[in-house]
Each structure stands twice: as structure tokens, then as C-alpha cells.
Amino acid sequence: MKAAEIMRDCITTGPDTKLKKASKIMKDKKISSLIVVEDDELKGILTDKDVSNNMEKPEKKVKDVMTEDVVRVESEKSIDKIAEIMNKK
């Protein structure tokens, strides 16, 4: 099985989005993460854990709490190979 077979559309946000708004997007879309992009370039990922660990300051920006070191793979990469890559991280 390849990544393309299980991929779905990504919901994105910008790095300057406030956590409160990002949290609402995630809740409304019933997703646990948002891909952070700026000028069509991947900047990071915001997870539900990032949000919950920082909601005491909901006015913080996504860029202040997101994970920047994102692992990317090609859509034709096998699931087994992706698991191998992720286990090395």
C-alpha cells in the first residue's frame, strides 16, 4: 500500500493564526492537526497536543507553538517505508 492510497485533503492554516481560531477550526473539522503553510510553503504542523498545552494563552500565534521539523514523504512511498522513516525520528 502506498501513501497516496490513504492520503486525504489537508486542512491548512497560516503561522500568524491565533490558537483560539486554530482550535475552533480543528474542532469544527473534527481533525487533530493543521498543516501550517505560508506562501505555499510548508512551515510546520499544529497538533491538538500543541493547542491543549498552550490554551492558557489563546491569543498566542500558531507559529509560537507549532512543530517545525516536519517529516515529509512522497505520495508514492510505501506505508512500510514510511513507518521505517518515522521510526528513525
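Values reported hereafter were calculated over all heavy atoms of this structure, with side chains retained and with hydrogens, waters and symmetry mates removed.
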Quiz item: Quick one: NZ on Lys60 to OG1 on Thr17, what's the gap to the nearest 0.5 Å?
Solution: 15.5 Å
Quiz prompt | Inter- and intrachain pairs under salt bridge (charged side-chain N to carboxylate O under 4.0 Å, His left out), touching residues 35-51, at least two apart | solution = Glu41-Lys43
Exercise. Would you check if the side chain of Asn54 reaches a backbone N or O of Val51 as a donor-acceptor pair within less than 3.5 Å?
Key: no
Quiz item: Charged N to carboxylate O below 4.0 Å: is that the case for Lys2 and Glu5?
Solution: no
Quiz prompt | Beyond-backbone contact of Leu19 with Met55, side-chain heavy atoms, under 4.5 angstrom | solution = yes
Please table the atom pairs, donor to acceptor, closer than 3.5 Å between any side-chain atom in residues 20-31 and protein atoms at least two apart or in another chain.
residue : atom : partner : partner atom : Å
Lys24   : NZ   : Asp28   : OD2          : 2.7

Quiz prompt | Euclidean distance, Ile79 CD1 relative to Ile6 CD1, rounded to 0.5 Å | solution = 3.5 Å
Self-check item: Ala4 versus Glu76, closest heavy-atom pair with distance
Solution: CB-OE2, 4.1 Å
Practice problem: Flag the pair Thr12 / Val36 as yes when at least one side-chain heavy-atom distance between them is below 4.5 Å, and no otherwise. | Solution: no
Quiz item: Does some side-chain heavy atom of Lys63 sit less than 4.5 Å from a side-chain heavy atom of Asp16?
Solution: yes
Self-check item: Side-chain heavy atoms of Ile11 within contact of Ile35, under 4.5 Å
Solution: no
Quiz item: How far does CD of Glu84 sit from NZ of Lys81, to the nearest 0.5 angstrom?
Solution: 4.0 Å
Self-check item: Gap separating the CD1 atom of Ile82 from the CE atom of Met1, nearest 0.5 angstrom
Solution: 11.0 Å
Quiz item: Are Ile45 and Val37 linked, directly or through other ILVMFWY residues, by side chains that come within less than 4.5 angstrom of each other?
Solution: yes
